[in-house]
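Within every chain, numbering begins at 1; the chains are lettered A, B, ... in the order of the sequence lines, protein sequences first and strands thereafter.
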Amino acid sequence: MGIQEELREAVSAGLATLGIELPGSEVHLERPQRLEHGDWSSNVALSQAKQAGTNPRQLAEELAAALRSAPPRFVETIETAGPGFVNFRLGPGWLHEILREVVTAGEEGYAASDLGGGERVQIEFVSANPTGPVHVGNGWFGSYGDSLARVMGRAGWQVSREYYVNDTGGQMRSLGESLLARRRGEAPPEGGYQGEYVLELASAYEGPEDVLEAGRWASERILADIKTTLARIDIHFDEWYSQASIEESGRVADTIELLRQKGHVYEEDGAVWLRSTDFGDSRDRVLVKSNGDATYLAGDIAYHRDKFLTRGFDRVIDVLGADHHGQVASLKAGVAALGVDPARLEVRLGQLVSLVGERMSKRSGHFVSLDFLIDELGPDVTRLMSLLSSIDQATTLDIDAAKRESMENPVYYVQYAYARIASIGRVAAERGVERCPLDQVDLTLLVHPRELDLLRQLAELPRVVAEAATERAPYKVTNWARALAGSFHGFYHDCYVMGEDVPPRLTQARLLLVEAARIGLAISLRLLGVHAPEEM
RNA sequence: GCCCUCGUAGCUCAGUGGAUAGAGCACCGGCCUCCGGAGCCGGGUGCGCAGGUUCGAGUCCUGCCGAGGGCGCCA
């Protein structure tokens, strides 16, 4: 049982002596923002006072008194403060226990959990149309989706990463027309693809003057480039799922038939409609156009039928740009019509990324490619920039500013901490200082405020990873990594590991602390997809 | 017109209904005899506006203002 659970149980027991029944699992505990408020704090007196028929301050006082008579482990003082908080100040022992835990669990085990209970979740992200290079926005949500997958994986979900490849007729034809036009030395048709890349592809194309075949050929080349680009920022997929394959296999028609059998479909004006209003949509939607073609929605429903009913994912998370907001209700309705609980489909809409003075559009050819951004900033900066804040936050990226600031960038701040740790290791090796086994190190020597601050930070990582997973918010890991790096730099400055006046036993304890910091940083950087460099 | 998301320091952003709202950047001062100065220490009244809910609101509700996005037999 960790210290947090022990405190919860103690509070629960203390409340019981006052005639208030509240299970330990429901006791709210938090780490106060200010150190003067102790190491742990509970607001139960505030939340329970009303039911108990007393005022919060009085209840807090009574609870504190009850707890003082049988203080939990490591607790040194119990105080009441503010409107009725009960604050616990702990001795450094609990932090030494954390240190032991971090080093024992190591890079693979620390902050890993079974929170997801092995639930099979598919995360679909990027899914950019293979009609042109991926742009900055794709990379932004790509980093998000990939790090979310890493975070949820560490928190006990069984995660699969998927890219939906939109390689169906209409777009392939348009791409093919643009390609063939370029090969003939003409401008692409109205509404075609104007980008430079089409010109390059056209000069390499040696196939027949067939629009569809030219389009398919081009999209394959483009998709290969997309894979290469995403791999530069360490994004890889378990599955590249072809939309055309669903159509060609007849599963779209099949799905529409299934919906018809379930009575959710009707015909009007020569088209086939889904009665999506029965499932919360604002209007009914067309599944088959009057010209006989299936709509995008029909394909998307068939695709999600495959996700849920054929492949059997417990949960599906679609990461989309906010510009896809309009299709969410229809897709959820379609899923519900199939008999799948729509709550199992989670759509994360990311606010759009804009660039200073740029308007991105693939068709017009005006966009900043992800490759360009990586060339400018490097893979680590590119990746971390997009994981600096919530995807609910609309951002305007200023590439020039990012370059100017690159030496002051948070990435370097964090990586520098890692490099310093590695450097300590090298110096220790040079001086022949070897690390003792864990059970021979006297951790009680670690009492410097900087040391304890670093340990407090390390203690947070399991909670941060769990929160990042359940809230689908990998940027929380970024915040933690920055905070840990800050704690480490402070420690590094004030606490020499192998300084002249540092006794060997303290050196040993600090070496272990440094190793724990390294483990924490390595874990967080790996979750973020950023390198942990030995040197810079 | 209707719907969704977002408005926090000069800038980029944190902030499970809790205590004196925090970081980084930029700006101004300090700090190298020892493990990397890409570092450390100090310098700060800003929650778009107005109501409401309650012991307590940056956080929840309503309205307004502002920004972005959506409302196709496009994908």
May I have the distance from [X] (atom [atom1]) to [N] (atom [atom2]), rounded to whole angstrom?
X	N	atom1	atom2	result
A:Tyr413	B:A14	OH	P	19 Å
A:Arg173	B:C74	CZ	P	13 Å
A:Leu384	B:G24	CG	P	16 Å
A:Tyr492	B:C41	OH	C1'	17 Å
A:Leu349	B:C3	CG	P	17 Å
A:Glu471	B:A14	CD	P	12 Å

Closest approach to the side chain of [X], judged atom by atom: which nucleotide of [options] is it?
X	options	result
A:Pro83	B:G18, B:C73, B:G68	B:G18
A:Asn43	B:A75, B:C35, B:G18	B:G18
A:Asn129	B:A14, B:C73, B:A75	B:A75
A:Tyr416	B:A38, B:C13, B:G70	B:A38

| task | Sticking with atom P, work out how far B:C61 lies from B:G22, rounded to a whole angstrom. | result |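 Between the two P atoms, the distance is 25 Å.
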| request: Could you work out the separation of B:C28 and B:G44 based on their C1' atoms and round it to a whole Å? | output: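 Per the computed distance, 13 Å lies between those C1' atoms.
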| Base, sugar-phosphate, or nothing for A:Glu36, non-hydrogen atoms under 4.0 angstrom? | base
| request: Start with the C-alpha gap between A:Arg420 and A:His489, add the side-chain angles, then the distance that decides, and say whether side chain to side chain donor-acceptor pair (under 3.5 Å) holds. | output: CA-CA 9 Å; A:Arg420 276 182 152 176; A:His489 286 308; 2.9 Å; yes
Check: [Y] main-chain N/O paired with [X] side-chain donor or acceptor under 3.5 Å:
X	Y	value
A:Glu451	A:His448	yes
A:Tyr164	A:Phe125	no
A:Ser524	A:Gly520	yes
A:Lys332	A:Leu345	yes

| field | Flag for A:His304-A:Asp318: side-chain donor and acceptor within less than 3.5 Å | value |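 Result is yes, a qualifying pair exists.
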| said: Could you work out, with side-chain hydrogen bond (donor to acceptor under 3.5 Å, both in side chains) as the rule, every residue matching A:Glu376, not counting sequence neighbours? | reply: A:Lys403
Looking at [X], does any N or O in its side chain come under 4.0 Å of the phosphate oxygens OP1/OP2 on [N]?
X	N	result
A:Arg450	B:C41	yes
A:Arg482	B:A14	no
A:Tyr418	B:A38	no
A:Arg57	B:C55	no
A:Gln393	B:A14	yes
A:Lys289	B:G72	no
A:Arg283	B:G72	yes

| Pairing of RNA chain B as dot-bracket, 5' to 3': ( ) intra-strand, [ ] crossing, | other strand, . unpaired, with Watson-Crick or G-U pairs under 3.5 Å? | (((((((..((((....[...)))).(((((.......)))))....(((((..]....))))))))))))....
Pairs under 3.5 angstrom, nitrogen or oxygen only, protein versus nucleotides 29-33 of chain B, please.
none

| request: Could you pick out which residue, A:Arg34 or A:Trp273, lies toward the 5' side of RNA chain B when each is mapped onto its nearest nucleotide? | output: A:Arg34
| For A:Phe88, ring pair (Phe, Tyr, Trp, His ring centres under 6.0 Å) partners two or more places apart | none
| message | Going by the rule salt bridge (charged side-chain N to carboxylate O under 4.0 Å, His left out), which residues pair with A:Arg518 if we only count those two or more places apart in sequence or in a different chain? | response | A:Glu107, A:Glu515
| said: Is it the case that the base of B:A19 and the side chain of A:Ser41 share a donor-acceptor contact (distance under 3.5 Å, atom types as modelled)? | reply: yes
| request: Among residues two or more places apart or on two chains, list those pairs meeting salt bridge (charged side-chain N to carboxylate O under 4.0 Å, His left out) that have a residue in residues 481-501 of chain A. | output: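 Listed once each, the pairs are A:Arg450-A:Asp494.
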